[in-house]
Participant: 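Please read through the structure below; I'll follow up with questions.
This structure is a prediction, so every number in the text was calculated from the model and none was measured. Atoms within a ligand are numbered from 1 in the order they appear, just like the ligands themselves.
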Amino acid sequence: MRSVSVFGATGSIGESTFDLLMRDGGPEAYRCVALTGGQNVARLAEMAQALRAEVAVTADEARLPALREALAGTGIACAAGTAAIAEAADRPADWVMSAIVGAAGLTPGFRALRHGGKLALANKETLVTAGQLLMAEAARCEATILPVDSEHSAIFQALVGEDMEAVERIILTASGGALRDWPLERLASATMAEALAHPNWSMGARITIDSASMFNKALEVIETREFFEIEPDKIEVIIHPESIIHSMVGFRDGAVMAHLGAPDMRHPIGYALNWPQRQTLPVARLDLAALGALTFRAPDLNRFPALRLAREVMALRGLSGAVFNAAKEVALDHFIAGSLGFMQMAAVVETTLSRLAGEIALTSAASTLDDVLGADHLARIRAAEAAATLRK
Ligand code: NAD
Ligand code: MG
C-alpha cells in the first residue's frame, strides 16, 4: 500500500487531491501519513477521518484545541504550528503533495524530499525561490519531483521520451486572467472582486489574483527555467483565453507538441499521482467541435509588467527569485487589504528588487535554505516599506 501525505490539504489543490485519493479507494488504497491545513480545522478533521491519517496538523496554533476536539477518540494525532508542519514532512511517505500557498511551502517540501520518494509540487514558490537548491537536493536524495502546475505538467508530458537537446522553445499558455480585456487605463482601479472573477479556472484566492496581474505567469516562467533547466530566451508566453492548451514544446525540427485538456487541476494532480502510468481520471472530455476555435494573442508587457520583471529575475538568478516572490506576496497582501492599487503591486516588486540589489549579492546562488529564507525575510521588510510609500 502506498503511503501519502498532503500539505495544504484544505486548499483548492488539496481538495482536488483528496477527491482523487478518495475516488481511488481512500484508506483502503492509501496509507495516509500526514494532512496539513490552516484555519479550517473542521474540514481538516473530516479529511483526516476519511483517509484515517496518522497525523493532522494546522498551521494555526490557536486552532489546536478545536482540531483536538474534532478528532477526539479517533486515534489521529494532532499538532499545530509551522514547526509541526515541517516535522510532519519528516515522516516518510512514498508520495507527498506540496500544496501550501506561498513561501510557507518551502521548508516542508525540502524536508519531504529527504525520504527519496515522489514530491508532487504544486507550490511553484519552491522552484521560484530555491530552484537550484531544490533540484540539487532532489538529485542528492534520489527523489523525484513531479510538476503539478498545469503548464509544467503539460510540458513534462510533452517531453516524455524526448531529448532536451532537441527542444528549441517552451511556449507557456496563459488565460490572461479576469482583467485581460480591460483597457490599460482602467486596470489601475481594478478591485479585488474584479480580479477574482477568473474566466476558466477555480483556484485559491491568491493565485487567482496573481493570474489577473500575470504575476502567476511570471512565477511560472521562472519555474519553467528552474525545473526544465532551459535558457530564459527559449521560454515564450502566449495568451490563450480558452485555457484548453495547457502549454507547448517546440522542437528543432519545427514540430510543436501541445497538451490539451479541460481546465481541471485533477488532471495534473492525477498524472503526478499515477506517474509513470496513466489511470482513468474523472475530468471532462474535450469536445473540440463544440469548442469550435482556439485563439491566441501576444501578451502586452505594458499591461503585465510582472512578465518583464520575470525576465530580469531570470537574468539575475541567485537570490533574486526569493526576493521577487516575497515582494510579490507582500504586495498582494496590501492589494487584498485595499492599501495598494492593482498596478502598484508590480511597482512594489520592482522597487524591492532594485533596493535589495544594493544590500545583498542578489546574483549569488544560495548554498542553504537559510540563505533563501534570509533574502525572503529582508525582501518582505523592504517591500512593506515600498508599499507604505506608495499607499493609495
Ligand atoms: P489555497 O489558498 O486554496 O490553499 C492553500 C493551502 O495552504 C490551505 O490548505 C491553507 O490552509 C494552507 N496554508 C496557507 N497558508 C499557510 C501557512 N502559512 N502555513 C501552512 N499552511 C498554509 O491555495 P491553492 O490554490 O490550493 O494553491 C496552493 C499552491 O498550488 C500554490 O503554490 C499555488 O500557486 C499552486 N497552484 C495552484 C493551482 C490551483 O488551481 N489552485 C494551480 C497551480 C498551482
Ligand atoms: Mg499554472
Participant: In this structure, is the centre-to-centre distance between the rings of His152 and His259 below 6.0 Å?
Facilitator: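 Aromatic pair excluded; centres sit 6.0 Å or further apart.
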Participant: With sequence neighbours excluded, tell me which residues meet side-chain contact (heavy atoms from CB on, under 4.5 Å) with Leu286.
Facilitator: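 side-chain contact (heavy atoms from CB on, under 4.5 Å) list for Leu286, sorted by chain: Ile244, Leu260, Leu288, Leu291.
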Participant: Which atom, counting only N, O or S, brings Asp149 closest to the Mg ion (ligand 2)?
Facilitator: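 Result for Asp149 and the Mg ion (ligand 2): OD1.
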Participant: Quick check: are there more than 12 heavy atoms from other residues, nucleotides or ligands sitting under 6.0 Å from CE of Met257?
Facilitator: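 Counting other residues, nucleotides and ligands, CE of Met257 stays at 12 neighbours or fewer.
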Participant: Between the side chains of Ser153 and Gln157, does any donor sit under 3.5 Å from an acceptor?
Facilitator: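 Gln157 and Ser153 do have a side-chain donor-acceptor pair below 3.5 Å.
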Participant: Can you confirm whether more than 12 heavy atoms, excluding those of Glu162, are under 6.0 Å from its CD atom?
Facilitator: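 Yes, enclosed.
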Participant: For the atoms OE2 of Glu220 and OE1 of Glu151, give the angle they form at the Mg ion (ligand 2), rounded to 10 degrees.
Facilitator: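 It comes to 100°.
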Participant: Using the ring centroid of each side chain, check whether His246 and Trp201 are separated by less than 6.0 Å.
Facilitator: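 Under 6.0 Å, so yes.
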Participant: Applying a heavy-atom distance cut-off of 4.0 Å, which protein residues contact ligand 1?
Facilitator: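 Its neighbours under 4.0 Å (heavy atoms only) are Gly8, Ala9, Thr10, Gly11, Ser12, Ile13, Gly37, Gly38, Ala59, Ile85, Ala99, Ile100, Val101, Ala104, Ala122, Asn123, Lys124, Glu125, Asp149, Met203, Gly204, Ile207, Met265, given by chain and number.
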Participant: Taking only Lys NZ, Arg NE, NH1 and NH2, and the carboxylate oxygens of Asp or Glu, determine whether Lys328 and Asp210 approach each other closer than 4.0 Å.
Facilitator: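 Here Lys328 pairs with Asp210 in a salt bridge, since their nearest N and O are under 4.0 Å apart.
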